[in-house]
Every structure is written in C-alpha cells, then in structure tokens.
Amino acid sequence: QQATRAGQIIRSVHDFVRRREPAKELTSIHDIVNATLPLMLLQARKAQVRVECKVDTGLPPVLADRVQIEQVLHNLIRNSIEAMQEMARREIVVRTSPAGDGAIEIAVSDTGPGLPPEVASRLFQPFVTTKDKGMGIGLSICQSIVEAHHGRIWATPNAGSGVTFRITLPTAN
C-alpha cells in the first residue's frame with residue numbers, strides 16, 4: 001500500500017514539475033489529513049514530538065489533487081518536527097476549520113523556535129532555508145501547489161514560541 005502511494009506521489013510531482021494542471025477530484029480535507037498523519041506520526045514518535053489533530057469533520061469538500069495537498073501537509077509537518085529538535089517542548093497541532101468566503105483552512109502549529117525575521121519575509125522564495133542541509137525548495141513547491149489549487153499559504157508567529165503555517169483552499173460548493 002505504501003509502495004503504491006509512493007508511486008502516486010512520484011507521478012504527481014512529475015506532473016507538477018511538467019506544469020500539468022493538478023488532477024483534481026472532489027475530496028474531503030478530513031480524508032487528506034487522515035491519509036497524511038500515519039506516516040508523520042511515526043516520524044514524530046522517533047523525534048519525541050506530540051501531535052494533536054483537531055479536524056472539523058463537517059467541512060464541505062474541496063476540488064483538489066489529493067496527493068499534492070497531502071504532500072504539502074507532509075512537508076509542513078516534517079518541517080515542524082525538524083525545527084523542534086532542540087526544544088524541550090515538542091508539540092504540533094494540525095487543525096482544520098471553515099475560513100469564510102467559501103474556503104477551508106488547514107493550520108499546522110508547532111512549539112519550535114519560530115522563524116528568524118530575515119527568513120520570514122522570504123520564506124516561500126526558492127533556496128531560502130533555515131536548515132543546515134536544506135535545499136530551500138520545499139516551501140516554494142508547497143506555495144506553487146496551493147496556488148495551483150486557487151488557495152493561499154502563509155506563516156504567522158505563535159504567541160510564546162513556534163510558528164503556524166496556514167493553508168486556505170476553496171470549497172467545491
């Protein structure tokens with residue numbers, strides 16, 4: 001099952017790089033989050049990160065390329081896990097909610113160190129990274145995917161410590 005999923009991811013990324021229109025289908029954000037979390041929970045446990053999921057099951061469906069949106073969510077959670085390696089408190093909250101104007105929001109909040117100001121303003125530009133061995137293309141690709149779905153992605157600092165990445169996607173209604 002994971003090998004089939006990996007094949008879907010590779011095909012989806014290949015199509016994205018070739019600038020093909022995402023293969024959108026009517027889908028539930030709840031289903032996207034539930035498909036993404038099992039793999040991420042394994043990584044989180046290894047890093048001693050607690051993950052809490054607050055999914056609104058009553059949200060309307062979105063028209064999305066499921067695999068691409070799962071990859072965006074996967075990237076955001078993985079970035080949060082990696083950012084918290086040196087933190088005493090390691091928590092991630094994944095939340096979905098209505099965003100108004102016919103959209104839904106997915107938020108990934110962490111208790112990491114937050115974003116340095118010099119990076120925050122350029123966060124979604126290619127080759128901008130806070131990681132020693134990072135390539136700086138993950139968030140740029142995430143932004144391109146979200147925008148191809150007529151959505152928006154941005155980051156805000158949390159009160160205290162950490163950051164929240166927010167994605168809005170239009171509902172199919």
Side-chain angles (χ1 to χ4, degrees), residues 1-2 4-13 15-16 20-45 49-84 90-112 114-115 120 123-124 138-173:
Q1 185 179 19
Q2 289 301 323
T4 300
R5 181 162 151 43
Q8 289 173 331
I9 291 166
I10 291 167
R11 280 189 295 283
S12 181
V13 170
D15 288 347
F16 177 75
R20 288 187 186 157
E21 185 66 24
K24 296 177 184 175
E25 62 183 340
L26 204 57
T27 190
S28 152
I29 288 301
H30 179 262
D31 291 345
I32 289 173
V33 171
N34 283 339
T36 305
L37 282 182
L39 183 60
M40 297 315 304
L41 289 175
L42 290 173
Q43 190 175 349
R45 271 191 221 114
V49 173
R50 187 174 80 79
V51 178
E52 184 177 353
C53 190
K54 298 181 178 182
V55 176
D56 183 340
T57 57
L59 293 174
V62 295
L63 193 59
D65 182 319
R66 235 183 108 111
V67 174
Q68 286 186 0
I69 300 302
E70 287 173 12
Q71 282 308 113
V72 170
L73 188 56
H74 179 273
N75 189 68
L76 296 178
I77 294 170
R78 187 185 66 242
N79 284 353
S80 289
I81 291 169
E82 291 173 1
M84 291 188 288
R90 299 177 190 158
E91 297 175 6
I92 295 172
V93 177
V94 178
R95 181 184 322 264
T96 64
S97 60
D101 294 332
I104 56 93
E105 179 179 276
I106 306 168
V108 177
S109 299
D110 67 43
T111 57
L115 296 169
L123 193 58
F124 296 98
L139 289 175
S140 176
I141 291 171
C142 287
Q143 182 181 42
S144 296
I145 290 170
V146 171
E147 288 177 353
H149 285 80
H150 308 288
R152 182 173 168 243
I153 183 171
W154 71 100
T156 56
N158 294 338
S161 71
V163 66
T164 298
F165 280 86
R166 299 178 190 281
I167 301 165
T168 56
L169 295 170
T171 61
N173 295 351

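Positions are given from 1, in the same order as the sequence printed here.
Taking every heavy atom of both residues into account, M84 and V49 meet most closely at CE-CG1, 3.6 Å. Here the closest heavy-atom approach between residue I153 and residue V146 is recorded as N-CG1, 4.0 Å. Nearest approach of V163 to A155, heavy atoms of both residues: CG2-CB, 4.0 Å.
Applying the salt bridge (charged side-chain N to carboxylate O under 4.0 Å, His left out) rule to pairs touching residues 155-167 yields E105-R166, sequence neighbours excluded.
Results of the side-chain contact (heavy atoms from CB on, under 4.5 Å) test with T96 over I104, I32, V33 single out V33 as the only residue that passes.
Side-chain contact annotation: T164 with N158, donor-acceptor N/O pair under 3.5 Å present.
Here OG1 of T111 is found 8.0 Å from CD1 of I92. Values are rounded to the nearest 0.5 Å. The line from CD1 of I106 to CG of D56 is 12.0 Å long, rounded to the nearest 0.5 Å. For the atom pair OG1 of T36 and NE2 of H74, the computed distance is 8.0 Å after rounding to the nearest 0.5 Å.
Contact annotation: the side chain of L139 approaches that of F165 to within less than 4.5 Å [non-hydrogen atoms, C-beta and beyond]. No side-chain heavy atom of E52 sits less than 4.5 Å from a side-chain heavy atom of E91. Looking at V108 and L73, their side chains come closer than 4.5 Å, going by heavy atoms from C-beta outward.
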As a quick check of understanding, evaluate side chain to side chain contact (heavy atoms under 4.5 Å, CB included) for H30 and L59, giving each step before the final call.
CA-CA 8 Å; H30 179 262; L59 293 174; over 6 Å; no
Give the intermediate values and the outcome of side chain to side chain contact (heavy atoms under 4.5 Å, CB included) for residues M40 and I81.
CA-CA 9 Å; M40 297 315 304; I81 291 169; 4.1 Å; yes
